[in-house]
Amino acid sequence: MAEKTNHTPQDIRKALADKPNMRERDIAESLGISEAQLLAAQLGQGVTAVTAHPDTVMHAAQTFGEVMALTRNVSCVHEKVGIYENYHPGTHAAMVLTEDIDLRIFPSHWQHAFMVEKELEDGGLRRSLQVFDAAGDAVHKIFLREGSLISAWDTAKGIMSLDEMSQTLDVAPRKPTEAPKADSSKVDILRKEWERMTDTHQFMRLTSKLKMNRLGAYRIAGAPFVRPLPTTAIDTMLTKLQESGTEVMFFVGNRGCIQIHTGPLSSLRPMGPWQNVMDPRFNLHLRLDHVAEVWAVDKPTQRGPAMSVEAFDAEGMLIFQVFGVPKEGRDSRPAWRALVSELETLKAMEDAS
């Protein structure tokens, strides 16, 4: 059943006007509504409802020139500057594959979309194309930058606009994070099949077949497949990556989209509970206090073992994954493995103290 808001569009617009410096996501949360409902209340006032299907959104994005791509979950925001190209459509999964914009898209979760033109204090206009899931939660956002093609934006808005637009939007109830799920009676099967994997993508099929999920499987698999790390290892990991210049693949996602940064992390700026990467073309904002479990994970592949560090929140939601870069000429896996071994030593020292 769809969830309706008790707030009228006028109520929502007044809340926005009363708190001009507050993030819209936070205003929506304070009102008990979704971000998508907040935008719907502004239709006709710089906001246009548009087609949400990835094929249409990505076709438009590829015309905008250089933009900023943003994908987030509750605990982590991933922002990447680049150009949308090399889109591969798919019914169940689609991809954008470029050096900068690297996405895994799950079309069934792309349910609502808006093109937003927001006036800034300096008189400028910030343009963004924002996509949401059935619950009205953000899946993916595209922000135009100085130098983006405004004529392409205007053309896309004319093509993508929906004929019927309402300032009220009914959304589906938000699905809770699935609790860790495991079956200890199948641990031998899990470990045996794990050893036989030739690709990291086979892992989710394996856990599904055994009626487990990712975190549930990690909790019972044991070494050498997985090793627990202290939650403090995350900040240590980021600091060591910055100091060493080691290139990694940093995955952040939600049900509808996963966004990947490949490269080093050069500039760390902690602020309160947030640790922030503030590089010229890559920004990351991570709530360290949301990290409840951390695992070092080894999965066999045809190109050798893929080692990752993976962080989860208290409800069992995957916050992010980090892998070494496996590209020829840019193979950071040995340096990454050495760094993770250091983190495991910290865990051993912590357990011994």
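All values reported here derive from a predicted model rather than from experimental measurement. Excluded from the calculations below are hydrogen atoms, water molecules and symmetry mates; all remaining heavy atoms, backbone and side chain alike, are included.
- Under the side chain to side chain contact (heavy atoms under 4.5 Å, CB included) criterion, Leu125 pairs with Glu117, Glu119, Arg127, not counting sequence neighbours.
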Enumerate donor-acceptor pairs with a distance under 3.5 Å from any side-chain N or O in residues 27-34 to protein atoms, sequence neighbours excluded.
from  : atom 1 : to    : atom 2 : distance (Å)
Ser30 : OG     : Ile27 : O      : 2.6
Ser34 : OG     : Gln37 : N      : 3.1
Ser34 : OG     : Gln37 : OE1    : 3.3

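- A heavy-atom distance below 4.5 Å is not found between the side chains of Phe282 and Asp100.
- Annotation: the span from Thr236 atom OG1 to Lys240 atom NZ amounts to 7.0 Å, rounded to 0.5 Å.
- Summarising the local packing, CG of Asp163 is surrounded by 12 or fewer heavy atoms from other residues, nucleotides or ligands at distances under 6.0 Å.
- Atom CD of Glu344 sits about 9.0 Å away from atom CZ of Arg337, to the nearest 0.5 Å.
- Other residues, nucleotides and ligands contribute more than 12 heavy atoms inside 6.0 Å of the NZ atom of Lys181.
- Gln10 is linked by a side chain to side chain contact (heavy atoms under 4.5 Å, CB included) to Thr8, Arg13, counting only residues two or more places apart in sequence or in another chain.
- For Pro89, the side chain to side chain contact (heavy atoms under 4.5 Å, CB included) partners two or more places apart in sequence, or in a different chain, are Asp55, Tyr87.
- Through direct or indirect side-chain contacts shorter than 4.5 Å among Ile, Leu, Val, Met, Phe, Trp and Tyr, Val77 is connected to Met68, Leu70, Val81, Phe143.
- Comment: Arg281 engages Glu66 in a salt bridge, judged by a side-chain N to carboxylate O separation of less than 4.0 angstrom.
- In this structure the side chain of Leu318 reaches within 4.5 angstrom of the side chain of Phe312, judged on heavy atoms.
- A salt bridge is defined here as a Lys NZ or Arg NE, NH1 or NH2 lying under 4.0 Å from an Asp or Glu carboxylate O, and Arg174 with Asp133 fails to meet this definition.
- Using a 4.5 Å cut-off between side-chain heavy atoms of Ile, Leu, Val, Met, Phe, Trp and Tyr, with links allowed through other members, Met307 and Trp295 fall into different hydrophobic clusters.
- Residues Trp110 and His53 fail the side-chain proximity criterion, which asks for heavy atoms closer than 4.5 Å.
- Residues Ile105 and Val96 have side chains in contact (heavy-atom distance under 4.5 Å, counting atoms from C-beta outward).
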Item to check | Audit row: Glu293, Tyr218, side chain to side chain donor-acceptor pair (under 3.5 Å) steps and yes/no | outcome: CA-CA 11 Å; Glu293 287 186 51; Tyr218 288 175; over 6 Å; no
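- Between Leu286 and Cys76 the shortest side-chain heavy-atom distance falls below 4.5 Å.
- Through direct or indirect side-chain contacts shorter than 4.5 Å among Ile, Leu, Val, Met, Phe, Trp and Tyr, Leu149 is connected to no other residue.
- Look at Arg126 and Glu24 and you find no salt bridge, because none of the NZ, NE, NH1 or NH2 atoms lies under 4.0 Å from a carboxylate O.
- In this structure, the side chains of Leu268 and Leu241 stay at 4.5 Å or more apart for every pair of heavy atoms.
- The NZ atom of Lys299 sits 4.5 Å away from atom OG of Ser308, with the distance rounded to the nearest 0.5 Å.
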Could you go through residues 38-51 and list every donor-acceptor pair under 3.5 Å that involves a side-chain atom there, pairing it with any protein atom two or more places apart or in another chain?
from  : atom 1 : to     : atom 2 : distance (Å)
Gln42 : NE2    : Leu38  : O      : 3.0
Thr51 : OG1    : Met160 : O      : 3.3

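- Residues Leu129 and Phe64 meet the side-chain proximity criterion, which asks for heavy atoms closer than 4.5 Å.
- Leu97 belongs to a hydrophobic cluster whose remaining members, ordered by chain and number, are Met95; membership requires side-chain heavy atoms of ILVMFWY residues under 4.5 Å apart, directly or through intermediates.
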With a cut-off of 3.5 Å and sequence neighbours excluded, list every side-chain donor-acceptor pair involving residues 204-212.
from   : atom 1 : to     : atom 2 : distance (Å)
Thr207 : OG1    : Phe203 : O      : 3.4
Thr207 : OG1    : Met204 : O      : 3.0

Pair up each side-chain donor or acceptor in residues 247-266 with any protein partner under 3.5 Å, not counting sequence neighbours, and list the distances.
from   : atom 1 : to     : atom 2 : distance (Å)
Glu247 : OE1    : Arg330 : NE     : 3.1
Glu247 : OE1    : Arg330 : NH2    : 3.4
Glu247 : OE2    : Arg330 : NH2    : 3.2
Asn254 : OD1    : Gly256 : N      : 2.9
Asn254 : OD1    : Cys257 : N      : 3.0
Asn254 : ND2    : Arg72  : O      : 2.8
Asn254 : ND2    : Val139 : O      : 3.1
Arg255 : NH1    : Lys175 : O      : 3.4
Arg255 : NH2    : Lys175 : O      : 3.3
Arg255 : NH2    : Pro176 : O      : 3.1
Gln259 : OE1    : Thr71  : OG1    : 2.8
Gln259 : NE2    : Ala69  : O      : 3.0
Gln259 : NE2    : His78  : O      : 3.1
Gln259 : NE2    : His78  : ND1    : 3.0
His261 : ND1    : Lys80  : NZ     : 2.4
His261 : NE2    : Pro264 : O      : 3.1

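- Note on ring orientation: taking the six-membered ring where Trp is involved, the planes of Phe132 and Phe114 are perpendicular (angle over 60°, cut-offs 30° and 60°).
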Checklist entry - For Asp183 and Ser185, what are the C-alpha separation, side-chain angles and deciding distance, and is it a side chain to side chain donor-acceptor pair (under 3.5 Å)? => result CA-CA 5 Å; Asp183 184 345; Ser185 69; 2.5 Å; yes
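- The CG atom of Asp11 sits 9.0 Å away from atom NZ of Lys14, with the distance rounded to the nearest 0.5 Å.
- For the side chain to side chain contact (heavy atoms under 4.5 Å, CB included) test, residues two or more places apart in sequence or in another chain that qualify with Ala306 are Thr200, Thr301, Phe323.
- A salt bridge does not link Asp188 with Lys192: none of the charged nitrogens is closer than 4.0 Å to a carboxylate oxygen.
- For Asp289, the salt bridge (Lys or Arg N to Asp or Glu O under 4.0 Å) partners are Arg287, not counting sequence neighbours.
- Between Glu315 and the options Val74, Thr177, Leu215, a side chain to side chain contact (heavy atoms under 4.5 Å, CB included) holds for only Thr177.
- Residues Met278 and His285 have side chains in contact (heavy-atom distance under 4.5 Å, counting atoms from C-beta outward).
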Next on the checklist: Please evaluate residues Gln62 and Ile101 with respect to the criterion side-chain contact (heavy atoms from CB on, under 4.5 Å), reporting the C-alpha separation (whole Å), side-chain torsions for both, the decisive distance (0.1 Å), and the verdict.
Outcome noted: CA-CA 11 Å; Gln62 291 179 124; Ile101 309 294; over 6 Å; no
Item to check | Residues Glu243, Thr239; criterion side chain to side chain donor-acceptor pair (under 3.5 Å); working and verdict | outcome: CA-CA 6 Å; Glu243 293 170 349; Thr239 300; 5.8 Å; no
